[in-house]
Structures are given as structure tokens and as C-alpha cells.
**Student:** 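Mind having a look at this structure? Questions to follow.
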Protein chains: 2
Amino acid sequence: MVDETKVVENPITIEDIARAADVGIATVSRTLNHPEIVRKDTRDKIMQVVHELGYIRSGAARALASKQTFTVGAIIPTLNNAIFAACMENFERVLSRANYTLLITVTNFDRDQETMQLHKLLERGVDAVLLIGLDHSKKSFALLEKSKVCAVSIFGSRQSGKIPCIGFDNRKASETIVQHLVSLGHKRIGMIAGITRGNDRARDRKKGVISALEKNNLVYHPSLFIETRYSHEHGRQAFQTLYGQKIKPSAIICGNDVLAMGALFEADAHGIRIPDQVSITGFDNLPITEHLKPALTTIDVPSAAMGVRAAEAIVQKLKTGEKIKSRLLEANLLIRNTTGPIKV
Amino acid sequence: MVDETKVVENPITIEDIARAADVGIATVSRTLNHPEIVRKDTRDKIMQVVHELGYIRSGAARALASKQTFTVGAIIPTLNNAIFAACMENFERVLSRANYTLLITVTNFDRDQETMQLHKLLERGVDAVLLIGLDHSKKSFALLEKSKVCAVSIFGSRQSGKIPCIGFDNRKASETIVQHLVSLGHKRIGMIAGITRGNDRARDRKKGVISALEKNNLVYHPSLFIETRYSHEHGRQAFQTLYGQKIKPSAIICGNDVLAMGALFEADAHGIRIPDQVSITGFDNLPITEHLKPALTTIDVPSAAMGVRAAEAIVQKLKTGEKIKSRLLEANLLIRNTTGPIKV
DNA sequence: TTGAAAGCGCTAACAG
DNA sequence: CTGTTAGCGCTTTCAA
């Protein structure tokens, strides 16, 4: 704790302002928090002093006295996927406008990590927490319940009873993909899924594919279903594995766009024509996918909307106490050029 | 402030622990902060109670009493560019391991916005601040100076005297690109630059190109230099503009990879062969660029390294008071397949 | 409208 | 090694 730099970080306090403006500290506090209940001239005088002295309020003291930090925590798997980054960007923007600051922590898809992060956020006194999906550790749920902190989940499908969820139906979206493929005549369908353990979104996407397969009386070939981490490289590798099978799938559904792009790249590298030889689908609709050639058929996940809605709901709740309602947004299939009729 | 939900957020306090463990509150505080100076059995007893009661420390009270929040703020232009997202991911990881939490705010390349965000972070009592580049408002610098908060800048080139900078030489990197192009015989070189106003990185990259052009006795055609926002769409558009000129450039240098990809997409859409008809270069080395076909020639910006180094330096400084040294990291040219010899 | 004063929950001397 | 106590800077009754 030896540190000459942190001496008197922000020496000037509300008392200094009060003294300089010749008023009581309560009045200063009031003009800062509820200007309308302070007479205009005292208020003006105070604000002038505030600016002159470059006063910066102590959030810590404020939080301690008021039990509010004007801070919201988000616990996300990673920032390395544009889908989360975009979502956070919007989430932050809305929060920021309402004067909240965003605390971000990353779990790297590890639930225990998530629990620890949640604990830390709670210590920091966040007024609300944003979580991804519904798959959380018992301890996390216990913490949420005990702390009674305002919590919202996004990206998830189910209307979990535990915390309100502003998401979309991952499973249904997957089924839409299968339906589309089936309508093109595909029968032997494979999948490059994300790791489903501890990830309800990945699991729902996979389940959706399997159930839609069965609904269409198509056989589900476990050997054509690979689970792998989200990266271009893993997508490429998985594609190679699938396409290396004696009986190749005519269509490959990918758990997200990153995986799909990996598959596309690998196909391209081997001169495999898409969609003539294999159809490929993604999931997320990353901005770049529409520019690819062929443009990726994918699910348009409402990531920005979820970020915005979640932030709005949180701000609303924090301001008025209005309960947050779960809500399912649209996630539509975008048919582009990586899927096509099966060739006989 | 009417809100039945925020009643008794975390009712249990250090006093409850002290009482339940039959010790003084100071001892509880000690076992939580400096366990080594507490006798093992009292410590154990206390920790047991802590876990039993699910005690969560009040960061606000801690901060108020100790003048430390264990919180670091980052002010970045956007999360929508993978280069920043990746950098933040690494920054957060290192901070998190040292028990710091990351506060992220986004400016959307607006300096006034940045100043406001900085002010907010300072109110929140961040122990340190991360900034992008060296181009900040006077007010921002004043705030930094006055608050004496630990600040670090990344992505910048210059060894600014104001705040330590862990970056790389944007200008030199640009010159390398020109050099490469010149060695391939290119003479008529254009550029799709980012908006340089309020953005020293974009400015340095552009300056580097211009000065290298002059060094090589090539003429700088202002009409071949476009400044535009960072997006695929703007890249495409700018490419179209440049390639629509009566005398087309034989090489186009892009201010970042997003712009370069836009150019690539647009060229592709018009059947313009890269690099046969035009050479194109990027800047950043986004993960996807190596998978593109043709793979993008670009500058390998050490974004992850900057995130890690900055976080390490901050943690070090906060722990030991050790001053943060500015440092320039390597940013090398990656010659891939979007650049080739000029055809006569 | 304003001021005085009582905490908010914790850390860090200080004394034992 | 442990307990007592004085704040940290602010919000918020409660009176005036």
C-alpha cells in the first residue's frame, strides 16, 4: 500500500463546496441530486463553485449512503465474438444515456468463472446484472436470489422462471433451418455445433436440428454431428471431418456464423463448391456474412435489439420498480447463397 | 426512489460476521484483507461464518474507507471493431485475475463524449483509466491531471509526455506498406483512410503513407485519398469511388481491415481481380483476414499484447507504485495475397 | 428552503 | 494477535 501517487485523489469534497458557497452540505447534495427543490440562486451559486473547483462526486460515498451505484454488470462468455460485442455496444449506449456505467466481465464459457464474476460484481454493488442464457450454476442462482439484485438474461430461449429473459427461440430458429434445407431436398444433414455443455443456446440449437430432422422423418446421424469450440479454425477442422466421411452430408448446419465461415473457408480451400456440393448455414448474421461470396444463409439474431431492450428494461426497473417482463424477439432465417437445392 | 426491491440489498455486514464469530470487526476486516496476520483458528472460524452467512463485502464502504475501488475504466471508440473487442477481452482477463473489475464506456469516436465518460469513471472512483490513442480533449487531460488517476494509452504511436503509452508506430507501419507496394512496382497509390479528425491513429497511418510516397518520389494525389468511417459499406463505397477515377490507382491502402474487406468485397462484386488489377492492403490483421481469398496483406497490430501489457502495467503500478513506462510494440507487415506486382 | 446530524459499512491507526 | 474507535464523503430524515 505504499504509493505516493494516491495521496489525496480528489481532495475536494462536498464540504469544500458548501463552505465556498456558504451553504450547508445538505443543500449542495440537494442541488446535485434534486436541483428542483433548491432555490434558483443558491443553486446557481453552488453550481458555479462546483465548476470552478472542478468538483467530482465520490461515487463510493454516494453508494454507501444511497445504496445505489448507478452501475450495471454484464457477465458474458467472450468479447471475441462480434455477436456479443455488438450487443454490449448497444447495451452500454443505452445505459450510458441513463447515466449508468457498465461493468463487463468475461467467463470464457466457464460457469464457475461466471459465479466468481457474479460475486465480484455483487461486491461492487451493481444495481443490476446482465447474464447470457439460462444455464447458470446453482451458486449463481443462489447469489442472485439472496442479493435480490435486478437480473436479466439475454440470448436464451426459454421463459425461465428464475430470471426474466429477453431472447429468442434458438430451437425454433434451428428448426427453420432444417425446414429450409429439407425443402431443398436435403436428407443427409450434418451439424457443426458449439459446445453444448453449460450452454443452453448451443444446446437448443442442436436440439432444434435433431427434432426437426425427426419431424421430417430424416435420420439423425450422430456421426454427422460435431461439437466444437467457436472459432474459424475449429469450423474448418470440423468441416474437414464431416466432409471426409464415406457418405458425405449434403448440408451442414453450423452452430454460429464463425463456425460457418470456417466451414466456408475450408470448402473454398479444397475447391468444394458451395452450395452445389454442400449447403452450409450459419447462425447470428454477423455483419460480414452478407458480404461473403457466396453470402451466408443464416439466422438473423437480434443481438443489438436484445442489448437495447435489456438495457431499457433495466433502467426502467431501476427507476420505477416496474418488473421486467420476459420477451421473445424474432430471429428469422435469412436465405442467401450458401444453401441450394440438392443435386442428384 | 420508490422501489420495494432495493430494501436491504445485502443485509449482512461485517458486524454480523464479527458477532457470529465472536470477534471484533477489525479482525474480520483483517482476515478478509490480510489473512496472514490473523491467527489461523480465528481466521478459520471467521471464514466459516462468512461462508455460512454468504457474506458479501460492501465495495462502496471499502472504497470509501480505503480509497480504492479495485476497478479500472476503459474508454474506447467502439466494441464493434474486433480489434478493440479482442484487446478488451485480454485487458479484462488480466485485470480480473488481479481482482480488478473493468468498467467499459464507448465514445463512438467522439471526444466530448469521451470527456463525459471520463468524468463518470472518475466519479465511480476507478483506480486507473485506459484510453485509446493520444488525441484527447483539453478537458480530458485536465481531468486526468487533476484527479491524478493512473492512466495509460494504447494503440498510439507517439511517446506522449502526458500519459504513458503502450502502442506501436502507426506511421512507420504505414510506411512499410508503401515500401512493399513500391517494391512491387506500384506508382499510383490511393488510400481509403479512416476519419483523421480526433483520431491520431488514423492520422498517423495516413501521414505515413504520404511521407513514404514522397520519400519514394511518387506523387501524392489527394484525389486518390478518401477519408471515411470504418465499415464494410463505407469501404465498398470508397473503393468504387477510387476505382471509378479516370486514371485508376494500381494499389489501394486501407486504414484498417474492415475498410480493406469492404474494398475486397466490392472488387469481387465487380469481377475485379485482386491483386492482378489492384493491390489492396489492410491494417490490424483481424483473425478473419487470413482466411479470406485472397488472404489480406495487412499490418499485424499487437492488439492482444497491448491489452495484456496495459493491464499488467496498471496492476503493477497500483500494487507497487512502479511508474508505467511507455513502450512501442512491433507491428509488422504481413504480406499475403492481396498485393502483387504491377502488371504492365 | 435550508441546516444539523445521524448513519451507510468498512479500513486503519492505536492501544492493549 | 485482537478490539476500540475515528473517520471516509455523502444522503437523508428531522427541525428550524
Side-chain angles (χ1 to χ4, degrees), chain A residues 1-3 6-46 50 53 55-71 122-125 127 147, chain B residues 1-3 6-47 49-50 53 55-71 122-125 127 147:
Chain A
M1 299 298 126
V2 194
D3 185 350
K6 73 161 198 279
V7 200
V8 208
E9 282 248 337
N10 177 216
I12 105 134
T13 74
I14 199 176
E15 260 196 85
D16 300 316
I17 305 295
R19 203 175 313 121
D22 196 37
V23 295
I25 63 167
T27 306
V28 177
S29 175
R30 279 188 209 101
T31 100
L32 258 22
N33 298 307
H34 316 286
E36 64 284 359
I37 64 169
V38 177
R39 209 203 303 139
K40 185 169 183 333
D41 51 320
T42 32
R43 201 204 307 156
D44 289 347
K45 187 173 54 179
I46 289 171
V50 163
L53 272 53
Y55 169 59
I56 292 180
R57 296 193 273 187
S58 160
R62 255 159 58 87
L64 185 56
S66 69
K67 312 262 172 246
Q68 281 192 272
T69 56
F70 275 92
T71 255
L122 259 17
E123 286 193 339
R124 306 283 186 266
D127 295 336
S147 69
Chain B
M1 297 301 126
V2 194
D3 185 348
K6 73 162 199 279
V7 200
V8 208
E9 282 249 336
N10 176 218
I12 106 136
T13 76
I14 200 176
E15 259 196 85
D16 299 317
I17 304 295
R19 202 175 313 119
D22 196 37
V23 297
I25 64 166
T27 305
V28 177
S29 175
R30 277 189 211 103
T31 98
L32 258 21
N33 297 307
H34 315 286
E36 65 285 0
I37 64 168
V38 177
R39 209 203 304 139
K40 186 170 184 329
D41 50 320
T42 32
R43 200 203 309 154
D44 290 346
K45 187 173 52 180
I46 290 170
M47 287 315 290
V49 176
V50 164
L53 272 54
Y55 169 59
I56 292 181
R57 296 192 273 187
S58 159
R62 268 179 23 109
L64 185 55
S66 70
K67 312 263 172 244
Q68 280 193 273
T69 57
F70 275 92
T71 254
L122 257 18
E123 285 194 338
R124 305 279 186 269
D127 295 336
S147 68

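Order of the sequence lines fixes the chain letters, A, B, ..., with proteins taken first and strands second; residue numbering starts at 1 for each chain.
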**Student:** Is the phosphate of C/dC10, meaning OP1 or OP2, less than 4.0 Å from a side-chain N or O of B/Lys67?
**Tutor:** no
**Student:** Could you check whether any side-chain N or O of A/Thr27 sits under 3.5 Å from a backbone N or O of A/Val23, counting only pairs where one atom can act as donor and the other as acceptor?
**Tutor:** no
**Student:** Can you tell me which residue among B/Ile25, B/Asn33, B/Thr31, B/Leu32 is in a side-chain contact (heavy atoms from CB on, under 4.5 Å) with B/Ser29?
**Tutor:** B/Asn33
**Student:** Donor-acceptor pairs under 3.5 angstrom involving side-chain atoms of residues 35-42 of chain B: please list them, not counting sequence neighbours.
**Tutor:**
from	atom 1	to	atom 2	distance (Å)
B/Arg39	NH1	B/Asp41	OD1	3.4
B/Arg39	NH1	B/Asp41	OD2	3.1
B/Lys40	NZ	B/Asp44	OD2	2.5
B/Thr42	OG1	B/Arg39	O	2.7

**Student:** Specify the separation, in whole Å, of atom CD1 of B/Ile14 and atom C1' of C/dC10.
**Tutor:** 6 Å
**Student:** Out of C/dA12, D/dG9, D/dC10, which nucleotide sits closest to the side chain of A/Tyr55?
**Tutor:** D/dC10
**Student:** Could you give the CD-to-C1' distance, from B/Glu15 to D/dT2, as a whole number of Å?
**Tutor:** 16 Å
**Student:** Mind calculating the distance between CD1 (B/Ile12) and C1' (C/dC10) to the nearest angstrom?
**Tutor:** 14 Å
**Student:** If you check the A/Ala65 side chain, which of C/dA12, D/dT11, C/dT2 turns out closest?
**Tutor:** D/dT11
**Student:** Among all residues two or more places apart in sequence or in another chain, which pass the salt bridge (Lys or Arg N to Asp or Glu O under 4.0 Å) test with A/Asp22?
**Tutor:** none
**Student:** Write down the distance between CD1 (B/Ile56) and P (C/dG9), rounded to a whole number of angstrom.
**Tutor:** 14 Å
**Student:** What is the distance, rounded to the nearest whole Å, between atom CG of A/Leu64 and atom P of D/dT11?
**Tutor:** 11 Å
**Student:** Mapping B/Arg43 and A/Ala60 to their closest nucleotides on DNA chain D, which lands nearer the 5' end?
**Tutor:** B/Arg43
**Student:** Between A/Ile37 (CD1) and D/dT12 (C1'), how many Å, whole number?
**Tutor:** 10 Å
**Student:** In whole Å, I'd like the distance from the CD atom of A/Glu123 to the C1' atom of C/dC10.
**Tutor:** 12 Å
**Student:** Starting the side chain at C-beta, find the nucleotide from D/dT11, D/dC10, C/dA12 nearest to B/His34.
**Tutor:** C/dA12
**Student:** Is B/Lys40 near enough to D/dC1 that one of its side-chain N or O atoms lies under 4.0 angstrom from OP1 or OP2?
**Tutor:** no
**Student:** At a heavy-atom distance below 4.0 Å, what parts of residues 21-33 of chain A sit against DNA chain D?
**Tutor:** A/Ile25, A/Ala26, A/Ser29, A/Arg30, A/Asn33
**Student:** Is any side-chain nitrogen or oxygen of A/Thr42 closer than 4.0 Å to OP1 or OP2 of C/dT2?
**Tutor:** yes
**Student:** Expressed in angstrom and rounded to an integer, what is the separation of B/Arg39 atom CZ from D/dG3 atom C1'?
**Tutor:** 13 Å
**Student:** Are any of B/Arg62's side-chain N or O atoms less than 4.0 Å away from OP1 or OP2 of C/dT11?
**Tutor:** yes
